[in-house]
Every structure is written in structure tokens, then in C-alpha cells.
Amino acid sequence: MVLPSGVRERVAAVHGGSALPERLRLYDAWATDYDQDVAALEYRAPHLAAASLAFAFPAAPAGARLLDVACGTGLVARELHRRGFRCLHGVDGSAGMLERARSTGLYQELRQCVLGWEPLPGPAEQYDAVTVVGALGEGQVPTTVLPELLRVTKPGGFLCLTTRSNLSNLRYKRELEAELGKLERCGAWQKLLAQEVEHWERATSEEESTRGTGYISGVVYLYQKCPVPPLEED
């Protein structure tokens with residue numbers, strides 16, 4: 001099945017390296033078509049991330065407080081809700097996306113925040129888990145945000161992150177994994193999972209396709225914040 005040209009164009013636009021105000025405008029405009037577009041892309045990251053987090057959680061999730069960063073229209077919240085998570089907070093930079101997320105009724109709190117430009121709202125160490133699904137990529141959220149994600153996570157809490165492994169995102173992926181490793185060596189968190197998934201979503205071009213499969217690949221990372229203060233790295 002060939003992807004509709006509109007899907008390819010909208011994906012290319014938001015990943016095109018435009019300045020922040022223009023990128024937010026593009027996401028606002030995309031909000032009404034976003035869910036049907038990602039369905040056409042067979043986008044699996046929300047399902048994979050929620051499944052990984054639910055498997056790792058040590059207790060019944062209903063009382064756990066989760067922060068869905070770059071929550072978009074609420075795809076991750078739907079998957080988490082199916083697995084018993086009920087106390088969901090979300091942030092996103094796009095007002096249009098937040099409006100769609102609010103319409104799901106799945107979030108107890110939603111706030112506008114542009115990660116990488118603003119600190120996450122709220123005090124430190126308040127969430128049992130933090131997710132960033134789909135936003136860690138070239139032209140999106142910078143890799144420098146990882147300490148801010150850790151800041152709002154409780155000691156012993158989980159962080160579930162994803163990125164793509166397609167050709168145009170490989171430089172970003174290398175930078176992200178370098179930062180992930182640096183924080184692990186500092187004792188800030190420990191890695192529980194780094195799962196490469198071949199059929200992550202359908203490719204929007206032949207150049208991006210993994211070995212001609214018509215799909216791109218991606219990775220789910222799961223970390224647990226260490227309960228002791230991290231050491232300073234030399």
C-alpha cells in the first residue's frame with residue numbers, strides 16, 4: 001500500500017529542521033489529521049513503549065503518577081490506560097495537539113511546555129515514570145534534555161524513551177546514545193532495556209527504508225533512576 005502523499009508531506013515538514021515557531025505551527029495544523037496519519041504509517045512506538053514500561057513496573061500501576069512528555073494527541077496515554085495506568089499528566093509544545101489530547105479524557109493534567117526551551121512544569125522527583133515517545137529525533141527535541149527528564153523522576157522511577165534508526169536520524173541517535181551512556185556512567189540511572197525494532201513505522205521514502213522493507217527501524221530505551229545522587233563525571 002502506497003502512503004498518501006499528504007502523509008509524506010506532513011511528516012517531511014515537521015522533520016525538516018524549521019525554526020521553532022514554524023515547527024509548532026506545523027504541529028498545530030497537523031493535529032486534526034495526526035491520528036489517521038500515524039495509523040497509515042503503522043506507527044508502533046506508543047504500543048512498544050507502553051508495553052515495555054508496564055512490564056518493568058514493580059507494582060499495580062493504577063496509583064503510579066506518569067508524565068507523558070511531547071504527548072501529542074494522546075497515543076501513548078491510550079496505550080498506558082489499556083495497561084492500567086490512570087494518573088497521567090502530559091506536556092506538549094503544540095496547543096493544537098494538547099487540545100486533541102484533552103479531548104481523550106485520559107489525562108488528569110495537561111500543560112503547554114516546549115522541552116529543550118523551557119523546564120518541565122512542577123517540582124523535582126514527582127513522577128514514578130516519564131515517557132518521551134517520538135520526540136527525540138533530528139530537528140525535534142535536543143539530546144540535552146535528559147537531565148531535565150531525570151529531575152522530575154522519583155528515585156527508583158522509570159524513564160522510557162524512543163528514537164528512530166532511519167538514515168536521516170542516525171547522527172541524532174549516536175548523540176542520544178552518547179548522552180544516555182554518560183548519565184549511566186555517572187550513576188544517574190541504569191539501563192534496563194534497549195530494544196531495536198525493525199518494523200517501527202512505514203518509511204516515507206525509499207531512501208529511508210531499512211533494507212528495502214518499506215519500513216524504518218527504531219529503538220525503545222528503558223532506564224531506572226538510581227536512588228543515590230549521581231557522581232560528577234570528570
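These values consider heavy atoms only, across backbone and side chains, with no hydrogens, waters or symmetry-generated copies.
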*Asks:* Does a side-chain N-to-carboxylate-O contact under 4.0 Å join E148 and R151?
*Replies:* yes

*Asks:* Which pair of non-hydrogen atoms, one from V152 and one from P123, has the smallest distance, and what is that distance?
*Replies:* CG1-O, 4.0 Å

*Asks:* State, with a plain yes or no, whether a side-chain heavy atom of Y34 is found less than 4.5 Å away from one of L75.
*Replies:* yes

*Asks:* Treating E184 as the side-chain partner and K191 as the backbone partner, does any N or O pair qualify as donor plus acceptor under 3.5 Å?
*Replies:* yes

*Asks:* Does the pair R78/D35 count as a salt bridge with the N-to-O cut at 4.0 Å?
*Replies:* yes

*Asks:* If we ignore hydrogens and angles and just use 3.5 Å, is the side chain of D37 paired with the main-chain N or O of V7 as donor and acceptor?
*Replies:* no

*Asks:* Any chance you could measure D33, atom CG, to R100, atom CZ, to the nearest 0.5 Å?
*Replies:* 8.5 Å

*Asks:* Distance-only, no hydrogens or angles: does the S209 side chain make a donor-acceptor pair with backbone N or O of G214 under 3.5 Å?
*Replies:* yes

*Asks:* Between OH of Y223 and CG of L146, what distance do you get to the nearest 0.5 Å?
*Replies:* 9.0 Å

*Asks:* Given L161, which of L149, V130, V133 fulfils the side chain to side chain contact (heavy atoms under 4.5 Å, CB included) condition?
*Replies:* L149

*Asks:* May I have the step-by-step check of side chain to side chain contact (heavy atoms under 4.5 Å, CB included) for Q108 and R86, ending in yes or no?
*Replies:* CA-CA 8 Å; Q108 293 190 337; R86 294 292 182 267; 5.8 Å; no

*Asks:* Decide yes or no for V69 and Y127: does some side-chain heavy atom of the first lie under 4.5 Å from some side-chain heavy atom of the second?
*Replies:* no

*Asks:* Which heavy atom in C160 sits nearest to a heavy atom in L222, and how many Å separate them?
*Replies:* CB-CD1, 3.9 Å

*Asks:* Is there a donor-acceptor contact under 3.5 Å linking the side chains of N166 and S217?
*Replies:* no

*Asks:* Is there side-chain contact between E201 and I216, with heavy atoms separated by less than 4.5 Å?
*Replies:* yes

*Asks:* Mind listing the closest non-hydrogen atom pair of C226 and Q190 along with its distance?
*Replies:* SG-N, 4.0 Å

*Asks:* Judged by modelled atom types alone, do Y215 and E42 share a side-chain donor-acceptor pair under 3.5 Å?
*Replies:* yes

*Asks:* Out of curiosity, R44 CZ to L41 CG, how far, rounded to the nearest 0.5 Å?
*Replies:* 13.5 Å

*Asks:* Can you check whether K173's main-chain N or O pairs, donor with acceptor, with T163's side chain at less than 3.5 Å?
*Replies:* no

*Asks:* Can you confirm if the aromatic rings of F158 and F57 lie within a centre distance of less than 6.0 Å?
*Replies:* yes

*Asks:* Counting distance only, does the side-chain N/O of R164 pair as donor-acceptor with the main-chain N or O of G137 below 3.5 Å?
*Replies:* no

*Asks:* Is the shortest side-chain heavy-atom distance between L26 and S94 below 4.5 Å?
*Replies:* no

*Asks:* Report yes or no: do T213 and E198 form a side-chain donor-acceptor pair below 3.5 Å?
*Replies:* no

*Asks:* Would you find a donor on one side and an acceptor on the other, under 3.5 Å apart, between the side chain of D92 and the backbone of M97?
*Replies:* no

*Asks:* Answer whether the closest heavy-atom distance between the side chains of L66 and C87 falls below 4.5 Å.
*Replies:* no

*Asks:* Is a side-chain donor or acceptor of Q140 paired with a backbone partner of L136 at a separation under 3.5 angstrom?
*Replies:* no

*Asks:* Do you reckon L88 sits in the same ILVMFWY cluster as L48, going by side-chain contacts under 4.5 Å, direct or chained?
*Replies:* yes

*Asks:* Please answer: with hydrophobic residues joined when any side-chain heavy atoms are less than 4.5 Å apart, are L120 and L159 in the same cluster?
*Replies:* yes

*Asks:* If you count heavy atoms of other groups shown closer than 6.0 angstrom to CD of E99, is the number above 12?
*Replies:* no

*Asks:* Return the minimal non-hydrogen interatomic distance between V76 and T131, and the atom names on each side.
*Replies:* CG1-OG1, 4.1 Å

*Asks:* Less than 4.5 Å apart, any side-chain heavy atom of T153 and any of E125?
*Replies:* no

*Asks:* How far apart are the closest heavy atoms of C71 and L98, and which atoms are they?
*Replies:* SG-CD2, 3.9 Å

*Asks:* Hey, are the side chains of F55 and L192 touching, using non-hydrogen atoms and a 4.5 Å cut-off?
*Replies:* no

*Asks:* What do the steps show when you test V197 against Q195 for side chain to side chain contact (heavy atoms under 4.5 Å, CB included), and what is the final call?
*Replies:* CA-CA 6 Å; V197 178; Q195 181 184 5; 4.1 Å; yes

*Asks:* Are E138 and R171 within salt-bridge range, i.e. N to O under 4.0 Å?
*Replies:* yes

*Asks:* Output the distance between atom CG (L183) and atom NZ (K225), rounded to the nearest 0.5 Å.
*Replies:* 11.0 Å

*Asks:* Pair W117, V141 - check side chain to side chain contact (heavy atoms under 4.5 Å, CB included), show working.
*Replies:* CA-CA 9 Å; W117 296 81; V141 174; over 6 Å; no

*Asks:* D68 vs Y107, test: side chain to side chain donor-acceptor pair (under 3.5 Å). Steps then yes/no.
*Replies:* CA-CA 9 Å; D68 183 11; Y107 294 95; 2.7 Å; yes

*Asks:* Side chains of Y221 and E177: any donor to acceptor distance under 3.5 Å?
*Replies:* yes

*Asks:* Taking all non-hydrogen atoms of both residues, which atom of A101 and which atom of G72 are closest, and how far apart?
*Replies:* CB-O, 3.3 Å

*Asks:* Tell me whether V38 is reachable from L80 by hopping between hydrophobic residues (I, L, V, M, F, W, Y) whose side-chain heavy atoms are closer than 4.5 Å.
*Replies:* yes

*Asks:* Are the side chains of L110 and V91 in contact, using a 4.5 Å heavy-atom criterion?
*Replies:* no

*Asks:* I'd like to know if the side chain of W189 and the backbone of L180 have a donor-acceptor N/O pair within less than 3.5 Å.
*Replies:* yes

*Asks:* Could you tell me whether D128 and R65 make a salt bridge, using a distance below 4.0 angstrom between a side-chain N and a carboxylate O?
*Replies:* no

